[in-house]
Amino acid sequence: MKCEHVIKKLSAYIDGELAAPDREAVELHMEQCSGCREELEALNKQNEYIKDVPLIEPSTGFRARLWERLRDEKARQTLPWPYWLPIPAMSMLLLIIFIHLALFSTRVFAKSQSVKTGLLSYTVEHMAKRPNVLNPLTLINYCIRSHEYLCKCAQEQCAAEKCETGVCALNGNGGSNEK
Amino acid sequence: MEEAMKNRFAVVSLILGILSFVHLLGIEKAVLSVIFGVLALKEERNSKTAWSGITLGIVYLVIITTVVIIYFPRMIVLLDKIK
């Protein structure tokens, strides 16, 4: 048995709690190891000092106060539900964003190659080539340009008089407002 | 306690390492600010820093959602008209 294992068992050895094989192994080790003997003596001395210390009687209501503080500590670690509200709020906003993106992207993939290429060029231009420090401005710029592009495509194909959604400045002259 | 903190930092490090490869218009950073803000509230409920982080993250997400709600349905209408 190694010293570290013996030292771990010394307290149980002093209290007489070790099983016979362990007790014999500890005693055998003690005969050969002076360091562990010194450790045992030190523990015995500590026990004697502790025996001389007078018992302290807890004040009245000590146990009740202790349990109350433990309950308070447990309650402090559990966050009440209003503090969790940002998480469902955030999830709701993310859901709205991803539903719109999913609806938009499925329709884009169903369109002709020219429409997809045009939208891709705007996407690359606004999201990759010229990134804005402020992300919302990048997104707004991208939305405006993409909307104008789609409006032009719709006017060319449907011969519409003006912008169908009333957002962009295009007025049905075959894309002369294209920048 | 110290070991638990090390593990938390390891998880944060892993998440940020993964997110450094992607850019979702800053949504990923807003989400992280809200999540870590709420986790910070577990330690200290009146932390102004945590509340500021949560507020900024939510405000950012509200702005992005508003822009998406304004423009994307209109673009979807236009896409439906294009062959």
Side-chain angles (χ1 to χ4, degrees), chain A residues 76-80 82-87 89-108 110-112 114-115 119 127-128 131 134-140 142-144 146-158 160 163-168, chain B residues 1 4-5 8 15 19-83:
Chain A
R76 197 186 67 80
Q77 288 174 354
T78 312
L79 207 57
Y83 289 86
W84 290 102
L85 272 182
I87 299 289
M90 177 189 74
S91 307
M92 189 68 78
L93 293 170
L94 286 177
L95 189 67
I96 292 169
I97 292 170
F98 283 111
I99 285 174
H100 279 86
L101 287 177
L103 289 172
F104 180 71
S105 55
T106 49
R107 279 168 172 78
V108 168
K111 297 301 163 190
S112 64
S114 62
V115 175
L119 272 177
M127 298 295 179
L134 290 172
N135 284 323
L137 294 182
T138 306
L139 181 66
I140 291 169
Y142 167 74
C143 288
I144 291 171
S146 299
H147 187 277
E148 281 180 1
Y149 172 76
L150 289 173
C151 204
K152 185 170 77 71
C153 291
Q155 284 178 5
E156 284 172 354
Q157 289 193 4
C158 308
C163 175
E164 294 277 344
T165 55
V167 171
C168 64
Chain B
M1 182 67 182
M5 284 303 288
R8 283 183 193 177
I15 292 169
L19 286 177
S20 63
F21 282 89
V22 292
H23 176 62
L24 300 171
L25 281 168
I27 291 172
E28 74 284 359
K29 291 182 276 287
V31 168
L32 276 185
S33 75
V34 174
I35 290 173
F36 284 115
V38 171
L39 290 177
L41 289 181
K42 283 186 83 175
E43 305 295 327
E44 189 187 343
R45 292 197 190 159
N46 296 322
S47 168
K48 287 181 181 172
T49 314
W51 279 115
S52 305
I54 291 170
T55 308
L56 287 173
I58 292 287
V59 165
Y60 181 79
L61 285 172
V62 167
I63 291 171
I64 294 292
T65 309
T66 308
V67 173
V68 166
I69 286 174
I70 288 172
Y71 281 100
F72 276 64
R74 287 167 175 165
M75 288 199 282
I76 288 169
V77 168
L78 289 172
L79 276 168
D80 286 339
K81 290 183 183 302
I82 298 170
K83 288 172 190 169

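Letters A, B, ... mirror the listed sequences (proteins, then strands); counts begin at 1. Values below: all heavy atoms of this structure, side chains included; hydrogens, waters and symmetry mates excluded.
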task: Check each atom of I76(B) against the heavy atoms of chain A and say whether the ones under 4.5 Å are side chain, backbone, both or neither.
output: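 Contact with chain A is through both the backbone and side chain of I76(B).
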message: Below 30° counts as parallel, above 60° as perpendicular, anything between as tilted: where do the rings of Y71(B) and H147(A) land?
response: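 If you compare the ring of Y71(B) with that of H147(A), the planes turn out perpendicular.
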- prompt: Looking at V38(B), I27(B), V34(B), which one has more heavy-atom pairs under 4.5 Å with chain A than the rest?
  reply: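 With the most close heavy-atom pairs to chain A, the winner is V38(B).
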query: Side chain, backbone, both or neither: which part of L94(A) has a non-hydrogen atom closer than 4.5 Å to chain B?
result: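 Only the side chain of L94(A) comes within 4.5 Å of chain B.
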field: NZ (K42(B)) with more than 12 external heavy atoms under 6.0 Å
entry: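 Check fails, neighbour count at 12 or below.
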Between [atom1] on residue [X] and [atom2] on residue [Y], distance to nearest 0.5 Å:
{"X": "L32(B)", "Y": "M90(A)", "atom1": "CG", "atom2": "CE", "answer": "9.0 Å"}
{"X": "Y149(A)", "Y": "M75(B)", "atom1": "OH", "atom2": "CE", "answer": "13.0 Å"}
{"X": "L78(B)", "Y": "E148(A)", "atom1": "CG", "atom2": "CD", "answer": "11.5 Å"}
{"X": "F72(B)", "Y": "L139(A)", "atom1": "CZ", "atom2": "CG", "answer": "6.0 Å"}
{"X": "L93(A)", "Y": "I64(B)", "atom1": "CG", "atom2": "CD1", "answer": "11.0 Å"}
{"X": "C151(A)", "Y": "R74(B)", "atom1": "SG", "atom2": "CZ", "answer": "11.0 Å"}

field: Proximity of residues 52-61 of chain B to chain A, residues having a non-hydrogen atom under 4.5 angstrom
entry: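 Within residues 52-61 of chain B, near chain A: I54(B), I58(B), Y60(B), L61(B).
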Partner of I96(A) by side-chain contact (heavy atoms from CB on, under 4.5 Å), out of T66(B), V68(B), I69(B):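 Answer to the side-chain contact (heavy atoms from CB on, under 4.5 Å) test with I96(A) among T66(B), V68(B), I69(B): I69(B).
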